Amino acid sequence: MQTINLLLAGFQSAFELAAFITVVVGLLVGVIAGALPGISFVNAMAMALPFTYAMGATQAMLFLGGIYVGGVFGGSISAIMINVPGTPASLPSTWDGYAMTRKGQVKRALTIAVTASATGGLVSALMLTFLSAPFASFAMRFSQPEFFAATVLGLVSVIAIAKDKPIITLISLLIGMAIGTVGVDPLYGQARFSFGIPEVESGIRFVVVMIGLFAIGEVVDLVASNRDLRPKKTDGKPERVRLRDILAVKGAILRGTGIGCMIGVIPGAGATPGAVIAYGVEKQINPRGAEFGTGVEAGLAAPEAAKNATTGAAMVPLLTLGIPGSAATAIMLAAMMLQGVNPGPLLFIMDPSMVYTIFAAMIIANVLMIGAGFGVAQMFSTLMRTPPAILAAFIVVLSLIGAYGVRNNIFDVYVCLVFGVLGWAMKRVGFPSAPLVLGVILGPLAERYFLTAVANSRQDYSVFFTRPISATILFIAFVFVLWSLWPTLKSRIGRQPA
Amino acid sequence: MAMVDKTQTDLAPSGAAGTGLSTVPRLVPAMLAGMLLLASVLLPAFMFETVREQPMPGLGPGAWPGAILFALAAFSALWLLLEIRALARSERTSSLEAPAEEETYRYGKALGGIGLVIAFGWLLPVIGFALATGLFLLVWCLYGGQRHPLVLTLVPTIGTVALLWMFMGLALMPLSRGVGVFERFSVWLLTFIGIY
């Protein structure tokens, strides 16, 4: 009952004019950024970070939450319409979504996609609302060893992203973790790898690394590869979608939502593996699985639902434990910390009004997304006609402003440029950058939790295995690694000569 | 962000699915693995600027980065061994895969673009955000093939003023005004457009 009352108060706050406009603007920015190839919604969130300086803590979270929800869906618009995924998580949407467009069913595909995304997002927002409180009280039992174990689970989950290349993925993750050690250490106050440069002593911020790796390489590729981003013509007539059409794919939407909620709650997993796994599972379960890839609605609905179901789920570890579950929630964490708010179990006690306003905003954003999705899809074809050179120029300027805004320091711009060049080179040789970013984000957290846990237990390293929750999470992480690697191991064993 | 060809992906989700990939030059992965191995072996020697005179209690500030670099060295060595074995057996190594557009990709254009971005970042604190941004927008548009005078006039002008208003006017970010004469110009411009 208390949850309902708090949620109603949250709705009241979220429906205040300023808050509501903030959510709507964030949602539109997210959908547009997600829909534009070259600007992922994560980049949009990073670029939006400077704007949050001028906002209060709650308004900043509403703005970023709106971009997050809208951006995760937005990537599917370009994926469905022009076969170019706007975000990595939208990749499965090209397989059946674009096939539907080629059949002249673009409106039908967009309707199914936006409905599935909104359903997935709404369910996960409700899960966030009603399960966050028990999760937070459970999280109160967490101490440094458990936080370390949860961070390890987040770190190992990257293997699922590129399970066919475990060694290179691990190397990328370790490079990120090594970059995360630059600067003053969390326990002894000693600067590491500073090379006598004062600015380096305060460390390398993950937002700067992320902007450099993702945005600059993409922009350079845009001008160097002569990509034609104009929408392709379709020869069929748009089809009206009826309720029974949506109900026909309800199973796929529900399965996708379930998978998205489960994957999203794991720190570090994110929308991409959620969408890909949902597609794979649906392909196995659905009676029309063999036809997937030819424009089957269920093949589009399942990954769409899963992708947006990760948005609310990823907020659970962020708000209850202070652990970002994805790059997007890492930016939200950064925004909260900039505002002097420390997410974690105490936030639910210290500022429940803010927490439930965020919950209400997530629910509202998912409902509004249906309208925003259609509106942006309509204008998308016009926006895509913007010459790539103009688009790319503004992405560069906004990226460097985003890097500068992290600490109002030109040094971060230089760091961003270094990682921009590195990101471009990594992209050209196919070296994965996502694990590196995750390493920079989670590595320092893992170090802090590990060192303080060991120090608190008087150098007893068994503390991670003797505490039940910590031991269980580490066991899950171990099983997760095995489960992720099993298909690769199985195929390699199968290839061995008899 | 390459166009996704269903025949390339075969609808089998994997880390690289959907991008349509080709193998990078054979020596690149081995060289990269070797460089990473070398870096992870050498870097511990450069961890601290000053030599600590007294041992610290517990694990010390070097334990975690030391462990990370050790693991990095171990996996880099493993990767290097696998690459050398593949080269020795004349196998087609597939550890790294470049995007499919590799054949049509203009490296000269890409390097020029990177140069422009670096020049923009370098000029920011010297000539100030306003001038650097206007100049960058103009040069990048030209570099990207835009030749229409209206585009080349309006995009840098309106774009710069809009960005100045968004970030210095509304978000109150202390973006660089440059040094010397450039600072005076920036202050004049910011006053002229009503931000100061």
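What's counted below: heavy atoms across the whole structure, side chains too, no hydrogens, waters or symmetry copies. Order of the sequence lines sets the chain letters (A, B, ...), proteins ahead of strands, with each chain counted from 1. Keep in mind that what you see is a predicted model, and the values were worked out from it rather than measured.
When heavy atoms are compared at a cutoff of 4.5 Å, B:Phe46 approaches chain A by way of both its backbone and its side chain. Using a 4.5 Å cut-off between heavy atoms, B:Leu116 makes no contact with chain A at all. Of the two parts of A:Ala446, the backbone and the side chain both hold a non-hydrogen atom closer than 4.5 Å to a non-hydrogen atom of chain B. The contact between B:Leu69 and chain A is made entirely by side chain atoms (from C-beta outward), counting heavy-atom distances below 4.5 Å. The contact between A:Val454 and chain B is made entirely by side chain atoms (from C-beta outward), counting heavy-atom distances below 4.5 Å. If you measure heavy-atom distances from B:Leu78 to chain A, the contacts under 4.5 Å come from the side chain alone. Proximity to chain B involves both the backbone and the side chain of A:Glu447, based on heavy atoms less than 4.5 angstrom apart. Neither the backbone nor the side chain of B:Val139 has a heavy atom closer than 4.5 Å to any heavy atom of chain A. For a residue to count as touching a neighbouring chain, one of its non-hydrogen atoms must lie under 4.5 Å from one of that chain's; by this rule A:Phe394 touches chain B with backbone and side chain alike. B:Ser176 touches chain A through its backbone: at least one of N, CA, C or O sits under 4.5 Å from a heavy atom, while the side chain does not. Proximity to chain B is limited to the side chain of A:Leu400, based on heavy atoms less than 4.5 angstrom apart. In this structure, the portions of A:Ile171 lying under 4.5 Å from any heavy atom of chain B include both its backbone and its side chain.
More than 12 heavy atoms of other residues, nucleotides or ligands lie within 6.0 Å of CH2 in B:Trp165, so this atom counts as buried by the packing criterion. Within 6.0 Å of OH on A:Tyr449 lie more than 12 heavy atoms contributed by other residues, nucleotides or ligands.
Interface check for chain A: of the options B:Ala33, B:Pro174, B:Gly112, the most heavy-atom pairs under 4.5 Å are formed by B:Pro174. Of the listed residues (B:Ala110, B:Gly145, B:Gly113), the one with the most heavy-atom contacts under 4.5 Å to chain A is B:Ala110. Counting heavy-atom pairs closer than 4.5 Å to chain B, the top residue among A:Val413, A:Asn408, A:Val418 is A:Asn408. If you tally non-hydrogen atom pairs under 4.5 Å between each of A:Ile410, A:Leu451, A:Val184, A:Val397 and chain B, the highest count goes to A:Val397. Interface check for chain B: of the options A:Leu398, A:Val220, A:Val421, the most heavy-atom pairs under 4.5 Å are formed by A:Val220. Top candidate by heavy-atom pairs under 4.5 Å with chain A, chosen from B:Gly121, B:Gly144, B:Gly159, B:Pro65, is B:Pro65. Across A:Gly180, A:Ala191, A:Ala403, the residue that shares the most heavy-atom pairs under 4.5 angstrom with chain B is A:Ala191.
Closest approach of A:Ala393 to B:Phe136, counting heavy atoms only: O-CE2, 3.6 Å.
Between the side chain of B:Tyr143 and the main chain of B:Lys109, a donor-acceptor pair closer than 3.5 Å is present. Between the side chain of B:Arg147 and the backbone N or O of B:Leu142, at least one donor-acceptor pair lies under 3.5 Å. Counting only distance, with no hydrogens or angles, the side chain of A:Ser172 and the backbone of A:Pro432 share a donor-acceptor pair below 3.5 Å.
Using cut-offs of 30° and 60° on the angle between ring planes, the pair B:Trp64 and A:Phe450 is tilted. Ring pair B:Phe192/B:Trp188 is parallel by interplanar angle, where below 30° counts as parallel and above 60° as perpendicular.
The distance from the CG atom of A:Leu436 to the CZ atom of A:Phe419 is 7.0 Å, given to the nearest 0.5 Å. Between the CG atom of B:Leu36 and the CZ atom of B:Phe75 there is a distance of 13.5 Å, given to the nearest 0.5 Å.
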Fill in: Derivation of the ring-ring contact (aromatic ring centres under 6.0 Å, His included) call for A:Phe51 and B:Phe167
CA-CA 7 Å; A:Phe51 291 104; B:Phe167 292 103; 4.8 Å; yes
